[in-house]
Structure formats: structure tokens, C-alpha cells
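Contents: one structure, followed by commentary.
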2 protein chains.
Amino acid sequence: MRKESDRELLDFFMVTCREHHLRVTPQRLAIYVLLSESKEHPSADGVFQSIKREFPSISYDTVNRTLLTFSKIGVVGIVEGRGEPRRFDPNMSSHHHFHCRRCGTITDFFSDDYDNLEIPRDLEEKFTVLNKRVVLEGICDTCRTKQSRL
Amino acid sequence: MRKESDRELLDFFMVTCREHHLRVTPQRLAIYVLLSESKEHPSADGVFQSIKREFPSISYDTVNRTLLTFSKIGVVGIVEGRGEPRRFDPNMSSHHHFHCRRCGTITDFFSDDYDNLEIPRDLEEKFTVLNKRVVLEGICDTCRTKQSRL
DNA sequence: TATTATATAGTAATAATTCTTATTTGTCAA
DNA sequence: TTGACAAATAAGAATTATTACTATATAATA
């Protein structure tokens, strides 16, 4: 079950790479797998730190460039942030984000209502809308309980 | 009419500053006024470049620090972005954003439907939601017409 | 297997943000 | 007013983040 979907994900990745005439190198594969297994939304540096265990000689630039390339061909996303280092998101299906103001974690959540939001008529006429996302901000449960203990 | 609301905005600014024990210095006032008059969502550097005309000796750091302070006390917002330099937003009333993928401009828009979005029940129980915003991405009209000419 | 285009590591450069410190400036109370 | 204190500023330096460059290595294709 798990294996099955992993397999599909990898296939999707490789097919998309080839469509864009990108070689599937061991580094790229490793970066993609690492990111898709990660539950967080890591920065380029975060990915770099983890991938180094597998590729001790890999450079930060390769990781960063690769992640940017991935976002260009649409196999990963770049999370909306507020000026901190860029963070990446392997989940390309429609979902939404909750940002904790205190600890900065970003939690994915799903909502059919949000997915089905209508684009305002005047906007739709004026702009081509390719993506929509609801971004909630606040305090997460972990931070909330921490605070109440103080 | 216009003057009236400008006045109110300034009062709001000064009152909020004082509530947070922040002095209303000429620099702060100028930065705030500049930002609220700006139709864009400028970066710290953008504000710095403009404000220099009024305060030739002001430092970039002062501008940047001031803007961050403003966002902390809630008189300006920080716009959600994707890794580019941080950008600021003087509009603190509920509104939403359209980001153009090509030219990067951010357009404010308003929608009662979006303002009234319900927070999913499970999220509301788990997290304290302080802010919600719908972020649309796509191609703006200017870029669209540019492209079709090619 | 040879060819060729692309990717990589390593290094350097640039850009963005934050920190440090000495000085200046407001604010408040007498 | 004036003096004392707290806070803000400017200037420069340091940190961090991102991107560019180049020689070498590698994968895909014929």
C-alpha cells in the first residue's frame, strides 16, 4: 500500500523530469525522495544538511539549484513565507497551510470547502488564476500549551 | 474626505505606537506615511530608496528595523512571498492577494465570501487562528497581454 | 562506445538581513 | 526650563542566504 504510492510518486517524478529533458541523477533522486519523505517544509539548507549523510561531497549550490529546478517543473512547491529562507513543499495536491507565528512550523491541512472556493468574477476575467491557497496564521497547539505553563 | 481618513490613519498609528511605548520619531512617521501611500508592496530596500529623498542620512538598517517593528505592533503586515526579499503591506484590513508569477506584483483584492470563510472545526480546536488570507497565483493582465503580443 | 549536452562540486560573488556601538534625541519629572 | 534617563538612530561590520561561474564528470543517445 505504502510502497505502491511511493512507486507512483517516483514514477511521476521521473516522467516529469524526462518531459522537461532533465536527467534523473542520483543526487536529484535523493533530494526528491528526501523531501517527499519529510513531514516538514524544509529550507534548502535543511535538505542540504540531511542529504550530506548520503552524499558527503554534495554542494549546497547543487541542492539549492535542484530544488529551484524542481519547483520550476512543478514536482515540488515553494511555500509562502514572510521573509525567512525559502522553504519547499513536496505535496503538490491541493492543500492549505497553517503557519505558527511563534515557532514557524507550517502544518498542511485539507478542506474540500477551500478547494472549491470560487474565484471572484472580476478577478477571473482580469487574471489567469493558476493556483489558490488559504493561508491561516496563528499559534499552534504545541506553542499554546508551552505558553500556558509559563 | 481623503484628508479625514489620512488623519484617522495617522492617529491610529500614533496611538498604537504609544500603546507599545514606541516613540513617534520623524523617521518612523515618514516611513509609515510613505508605506501607507504606496500602492505597491515594497521591500525594505524600496522604502529605503524613497525615504532617502526626505532623510538623506537615514540608514538602511533603520528602515528595515522600523518596518519589522511596525509589523510586530501590527500597524503594517508582511506579505506572504516565496523567498524573495520581504515585502510590506500597509493595509491591515481584511483583504486577499493575487501574485503574478511572471512579474511578481501583488494585487490586493476584497471578497466578503473569503472574509467569511469558516475555519475547519478540527483546526479551530487545535490551533488559535489569528489571521486568514486567500492567496491566488497566476498571470496578471499586463503580463498576459505582453505575452500574447509575442 | 563515442558524442554531446547537461549536471556537478568547488569556489567566488552578490544580496539580504541582522548585530554592535557610539551618539543623538525624546520624554518625563522636578 | 532643565537634567536624568530610556530609547532610537547611523554607520559600519558581520552574518546569513542566494546565485553565478568554471572546470570536470556524468548520463543519454546514436
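To find a chain, count down the sequence lines: A is the first, B the second, and so on, and within it residues start at 1.
Across the protein-nucleic acid pair, A/Phe48 atom CZ and D/dT18 atom P stand 13 Å apart, rounded to whole Å. Computed from coordinates, the B/Arg82 CZ to D/dT18 C1' distance equals 18 Å when rounded to whole Å. Protein atom NE2 of A/His21 is 13 Å distant from nucleotide atom C1' of D/dT29, rounded to whole Å. For the pair A/Ile58 CD1 and D/dT26 P, the computed distance is 14 Å after rounding to whole Å. As rounded to whole Å, 16 Å separates atom P of D/dT15 from atom CG of A/Asp45. B/Phe55 places its CZ atom 17 Å from the C1' atom of D/dA11, with the value rounded to the nearest Å.
Each of A/Ser59 and B/Ala44 was matched to the nucleotide of DNA chain C holding its nearest heavy atom; the match closer to the 5' end belongs to A/Ser59.
If you check every strand for non-hydrogen atoms under 4.0 Å, B/Asp61 touches a base. Within the 4.0 angstrom heavy-atom criterion, only backbone atoms of the sugar-phosphate kind lie near B/Ser57; the bases stay farther away.
For D/dT9, one of the phosphate oxygens OP1 or OP2 lies less than 4.0 angstrom from a side-chain nitrogen or oxygen of B/Arg65. Between B/Arg28 and D/dA8 there is a side-chain N or O to OP1 or OP2 distance below 4.0 Å. Proximity of A/Asn64 to the phosphate of D/dA17: no side-chain N or O atom is located under 4.0 Å from OP1 or OP2. Side-chain nitrogen and oxygen atoms of A/Tyr60 include at least one within less than 4.0 Å of the OP1 or OP2 phosphate oxygen of D/dT18.
Think of the region where chain B sits on DNA chain C: with heavy atoms and a 4.0 Å cut, that region ends 5' and 3' at C/dA16 to C/dT27.
Two residues are said to be in side-chain contact when any heavy atoms from C-beta on lie closer than 4.5 Å; A/Arg133 and A/His95 meet this criterion. Taking 4.5 Å as the limit, some side-chain heavy atom of B/Asp89 sits within range of a side-chain heavy atom of B/His97.
Both B/Leu68 and B/Leu22 are assigned to one and the same hydrophobic cluster, defined by single-linkage of ILVMFWY side chains at heavy-atom distances under 4.5 Å.
When distances run from any side-chain atom of B/Thr25 to the nucleotides D/dA8, D/dA10, D/dA17, the shortest one goes to D/dA8.
Side-chain rings of B/Phe88 and B/Phe70 stay apart, their centers remaining 6.0 Å or farther from each other.
Between the side chain of A/Thr62 and the backbone N or O of A/Ile58, no donor-acceptor pair lies under 3.5 Å.
The environment of CD in A/Glu118 is sparse: at most 12 heavy-atom neighbours from other residues, nucleotides or ligands sit within 6.0 Å.
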Report task. Mind running side chain to side chain contact (heavy atoms under 4.5 Å, CB included) on A/Asn64 and A/Val47 for me, showing each step along the way? Result -> CA-CA 9 Å; A/Asn64 189 49; A/Val47 175; over 6 Å; no
